[in-house]
Amino acid sequence: MKSFKILKAPDEALKEILLSLFELNKIKGVFALSRINSDNYGYALITDKTLIRDIAPTIPLMPANAAKSISRLTMVESLKSPIAVVLRPCELRALFELVKLEQARLDNMIFISFTCGGVFPTRIMKDGLHDKLEKYWENIKTGENLEDLRESCRICEHFVPDNADIILNLVGENNISHETTVLLKSEKGEKLLTDKINKFVEIDLESEKLRSCINKRTEVKSKIYGAFETEKFGVDGLTRFFGRCINCHACSKACPVCYCKLCFFESAENEYNPSTLETMLNNRGALRLPVDTIFYHLGRLIHVGITCVGCGMCSDACPTDIPVSRIFSKAGERVQQLFEYVPGRNIDEKIPIATFQDTELTEVEH
Amino acid sequence: MADNSTPRIIGFLCKWCSYAGADLAGVSRLKMPASMIPIRFMCSSRVDPLFVLKVFLGGADGVLIAGCHPGDCHYQTGNYYTRRRFALTQKIFEELGLETNRIRLSWISASEGQRFVNVITEFTENLKKIGTNPVKEEIFL
């Protein structure tokens, strides 16, 4: 695919591209992770081009999953004017899933993404992120895995954004501090920048380093999954794993693909009146309050497991530090394999439970 | 109250086929274990996996989902979706070490009273072999 180099660090290079798109009147706004103040970052939709100086899309943080925010913006109708959306690969995949679920629209959007080196837990904003950054960028050059990244990032094998229009290559680039490779992945991306840039180099987004980075992450993944023997859990194991759950539902609020407006678990149906609780108490001789935490997690797992992109927002949001995403990624991957489905891979692919074949799965019938 | 030696099965039956099949078994005076509590649905695809989970965690020894044979759904395609969703639920059960043989999907048509009896008898026998649902022992669920 066509590519060119900008002799600046990734964030600065991206600002240059975005400003030129603004000047050419090809975009009217930018949606990207932005610096709010010294140590805090959050997603912002910017239409004033002077404020582009504040964006910091490659800062290793994911304070919210962008897919959910985009869904809020486009749930009812498409964007009216073109906007450049800068997001991470898993956020783009989650957004594709939301489009399939009719929760978002992609019209008038240009997707810019990058080969992702992972993010830190959001909590790091509290302790100061900046002393960690130097090491982070050093590790990106070699594709090495940093210990204190989110677990879901350390095991992520889908960090190349196949569906973006424009891709910045970060992983495995040696001169990342002053040189950025920009790849035009789609026709849309090519059209946008061909007026501006006249010299392209044809390259492939396939390198020794990217491959070795995938291998490293696969290795970490099999190690973590291997030690995490869910198949031996049973109800007993589940009560131990989710034992600290305070039933706050933060994991479902943070999850990009857990989209129901009125969640069953927050509906009147799932409210227990004293007489129901009394029945439950009489059956078991004791009652744990809040009730039904296992029911909640299993229910959510069955509902969203098939579309789980493994972004790790759930673990990040958990106030009691339950590694929720570990169980969701692992079990999610299993059901996805059952239907040979990769969430967010292809926008035209239907979500397996929303389609069927006449002759299949006869082994589950008895 | 059923005694503890008979497993308790919650049956989610589709109105058009399986419930009618159960009815036929009844009016034909066929004998079967009194182990199932039927709940009637308009279609087997109305059975949200949450219902299965809810009764499973509530202490049911077995959960049966029954509907029309593939191709015979009153709503044309409902049971195909049921099958996919059931496969998914089963996979999650398997992955989390929950007993997959406590949940069962069967196709029983309105004319298959005898098949209904066979399904219930066989499922009950299997559940007797596995024993009661360990969920019941879990006090602080």
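Naming convention: chains lettered A, B, ... in sequence-line order (proteins, then strands); numbering from 1 in each chain.
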## Note on the structure
Under 4.5 Å to a heavy atom of chain A? For B:P70 that would be side chain

### Region of B:N133 that comes under 4.5 Å of a non-hydrogen atom in chain A
neither

Would you give the length of the straight line joining atom [atom1] of [X] to atom [atom2] of [Y], rounded to the nearest 0.5 angstrom?
{"X": "A:D292", "Y": "B:K54", "atom1": "CG", "atom2": "NZ", "result": "4.0 Å"}
{"X": "B:K91", "Y": "A:Q336", "atom1": "NZ", "atom2": "CD", "result": "12.5 Å"}
{"X": "B:E94", "Y": "A:T230", "atom1": "CD", "atom2": "OG1", "result": "10.0 Å"}
{"X": "B:F93", "Y": "A:L301", "atom1": "CZ", "atom2": "CG", "result": "10.5 Å"}
{"X": "B:L53", "Y": "A:H297", "atom1": "CG", "atom2": "NE2", "result": "13.0 Å"}
{"X": "A:L298", "Y": "B:I92", "atom1": "CG", "atom2": "CD1", "result": "8.5 Å"}

### Message
Can you classify the ring geometry of A:F356 versus B:Y80 as parallel (below 30°), tilted (30 to 60°) or perpendicular (above 60°)?
### Response
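Taking B:Y80 first and then A:F356, their aromatic rings lie parallel (interplane angle under 30°).
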
Toward chain B, the part of [X] with a non-hydrogen atom under 4.5 Å:
{"X": "A:F265", "result": "side chain"}
{"X": "A:F264", "result": "side chain"}
{"X": "A:L361", "result": "both"}
{"X": "A:I327", "result": "side chain"}
{"X": "A:E360", "result": "both"}
{"X": "A:L238", "result": "side chain"}

### Task
Quick one: which of A:G285, A:P352, A:A331, A:G305 has the most heavy-atom pairs under 4.5 Å with chain B, could you say?
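With the most close heavy-atom pairs to chain B, the winner is A:P352.
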
### Query
Which residue out of A:L338, A:I294, A:T355 racks up the most heavy-atom pairs below 4.5 Å with chain B?
A:T355

### Query
Which is it for B:L50 and A:I302 under the side chain to side chain contact (heavy atoms under 4.5 Å, CB included) test, yes or no, and what are the steps along the way?
CA-CA 8 Å; B:L50 288 186; A:I302 289 182; over 6 Å; no

Most chain A-contacting option - heavy-atom pairs closer than 4.5 Å, from [options]:
{"options": "B:L105, B:L96, B:L98", "answer": "B:L96"}
{"options": "B:F123, B:W107, B:F86", "answer": "B:W107"}
{"options": "B:Q90, B:R104, B:R85", "answer": "B:R104"}

#### Entry: Candidate pair B:R84 and A:F339, rule side chain to side chain contact (heavy atoms under 4.5 Å, CB included), full reasoning
CA-CA 9 Å; B:R84 281 215 160 185; A:F339 298 107; 3.8 Å; yes

#### Entry: Flag if over 12 foreign heavy atoms under 6.0 Å of NZ, A:K253
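It does: A:K253 NZ has more than 12 such atoms within range.
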
### Query
What do you reckon, is CD of A:E363 surrounded by more than 12 foreign heavy atoms closer than 6.0 Å?
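Enclosed.
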
### Query
Which atom pair, heavy atoms only, marks the closest approach of A:R284 to B:V135?
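Closest approach of A:R284 to B:V135: NH1-O, 3.1 Å.
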
### Task
Please name the pair of heavy atoms, one in A:D358 and one in B:R83, separated by the smallest distance, quoted to 0.1 Å.
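The pair with the smallest heavy-atom distance is O-NH2, 2.7 Å.
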
### Task
Start with the C-alpha gap between A:V335 and B:E95, add the side-chain angles, then the distance that decides, and say whether side chain to side chain contact (heavy atoms under 4.5 Å, CB included) holds.
CA-CA 9 Å; A:V335 290; B:E95 188 56 33; over 6 Å; no

